[in-house]
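Below you'll find the structure, written out as structure tokens, and then a few comments.
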Number of protein chains: 2
Amino acid sequence: MSMDHVFAALADPTRRAIIDRLRGGDKTAGELAEPLPISRSAVSQHLKVLETAGLITRSKSAQQRIVALNADALTEAAGWLQAAHDEWQQRFDSLDRILAEEVPTDTSTTDPSTTDRTAD
Amino acid sequence: MSMDHVFAALADPTRRAIIDRLRGGDKTAGELAEPLPISRSAVSQHLKVLETAGLITRSKSAQQRIVALNADALTEAAGWLQAAHDEWQQRFDSLDRILAEEVPTDTSTTDPSTTDRTAD
DNA sequence: CCCTTAATTAAGTGATTACTACAATACACT
DNA sequence: AGTGTATTGTAGTAATCACTTAATTAAGGG
């Protein structure tokens, strides 16, 4: 259930498609394989990758395997991304504030060619 | 800047470590390479992967390359995860509610073997 | 112009990935 | 037991990955 495995699992478009379908509720391995342009064996292998990553759980019901999404692993990965994003955004915002405060003096006030007040 | 590339980039622990360091602000390629147990060449290759994924931007400053985090790609990936997580959680919550309300009746009311009322 | 520093690119290697086709398992129905 | 259905496991293969060393580009200073 390491982050390595979670992100590696999510890197494949077929596996993300499977997760997208699972958002609508549990499915059997066959139902998941049906719209995909690859063999059932390949789907089974993808499911194994997702299971190892902790993103899904599989349970038996007669011959069929019920596949369900596991929210915990999603939460963990989402959390890491959110943390990185938030800290960066915060740093970005404060930089914005600094720039907004300190900019006013730029040119024309300290221009040496206009400060030669020789008129007197 | 596809999701494939973003998640594939995040699947490597070295690259996540680089992103973690970048949360503290911009760094040069050398600064990023210094604590890592791999060659500078390898770090440069990792940076290229992160750049292709849109997770960082690189700019030149004299001989050095300044590396900066790019929040947009992080936002996109975080958004996908969050959407999957939220919809699942919502479905989970309503299932919880249904179970809490509907459990009382289970079996024994529609059993065909007990409806042969031959006693008359 | 030559040399140092900072970083990237090129080539090569061993490990891993995604797929297919085929074989094996597991369960249900007769 | 024997057949059909749902799914997984096992080679085998072509492509990609992470790494190393060696060569290359680019900027600055003598």
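Chain identifiers are assigned alphabetically (A, B, ...) following the order of the sequence lines, protein sequences preceding nucleic acid strands; residue numbering begins at 1 within each chain.
Here the side chain of Gln63(A) is nearest to one of dC19(D), dT5(D), dA7(C), namely dT5(D). Comparing dC19(D), dT7(D), dA7(C) by their closest approach to the side chain of Ala29(A) singles out dT7(D). The listed nucleotides are dT7(D), dC19(D), dT8(C); the one nearest the side chain of Arg40(A) is dT7(D). Side-chain proximity of Ile38(A) to the nucleotides dT20(C), dT8(D), dC19(D) is greatest for dT20(C).
Counting atom types as modelled, Ser41(A) pairs no side-chain N or O with a base atom of dT7(D) as donor and acceptor under 3.5 Å. For a distance-only test at 3.5 Å, the side chain of Gln45(A) qualifies as a donor-acceptor partner of the base of dC19(C).
Between Asp12(B) atom CG and dT17(C) atom P the separation is 12 Å, expressed in whole Å. Here dT7(D) presents its C1' atom at 15 Å from CG of Leu36(A), a figure rounded to the nearest Å. One can place CZ of Arg58(A) at 11 Å from C1' of dG9(D), the figure rounded to the nearest angstrom. Distance CD (Glu51(A)) to C1' (dG9(D)): 14 Å, rounded to an integer number of Å. One can place CD of Glu34(B) at 16 Å from C1' of dA7(C), the figure rounded to the nearest angstrom. dA18(D) atom P lies 14 Å from atom NZ of Lys48(B), rounded to whole Å. Atom CG in Leu10(B) sits about 12 Å away from atom P in dA18(D), given to the nearest Å. Rounded to an integer number of Å, the gap from CG of Leu50(B) to C1' of dA7(C) is 16 Å.
Pairing each heavy atom of Arg91(B) with each of Arg23(A), the nearest pair is NE-O, 3.0 Å. Scanning all heavy atoms of the two residues, the minimum distance from Ala73(B) to Ala53(B) falls at CB-O, 4.0 Å. Among all heavy-atom pairs drawn from Ala29(A) and Val43(A), the shortest one is O-CG1, 4.4 Å. Heavy atoms only, all atoms of each residue included: Ala78(A) and Leu81(B) are closest at N-CD1, 3.6 Å.
Counted by atom type alone, His5(B) and Thr52(B) present zero donor-acceptor pairs between their side chains at under 3.5 Å.
Heavy-atom nearest nucleotides on DNA chain D were determined for Val49(B) and for Val43(A), and the one closer to the 5' end corresponds to Val43(A). Between Ile66(B) and Ser39(A), the residue whose closest nucleotide on DNA chain C is further toward the 5' end is Ile66(B). If Ala62(A) and Ala8(A) are placed on DNA chain C by their nearest nucleotide, the residue sitting closer to the 5' end is Ala8(A).
Checking the phosphate oxygens (OP1, OP2) of dA26(C), no side-chain nitrogen or oxygen of Arg65(A) falls inside 4.0 Å. A sub-4.0 Å separation between OP1 or OP2 of dC19(D) and a side-chain N or O of His46(B) is present. Contact annotation: Arg15(B) side-chain N/O to dA18(D) OP1/OP2 distance is under 4.0 Å. OP1 or OP2 of dA27(D) lies within a sub-4.0 Å distance of a side-chain N or O belonging to Lys60(B).
Arg21(B) has its side chain within reach of Leu32(B): a pair of non-hydrogen atoms, C-beta onward, lies under 4.5 Å apart.
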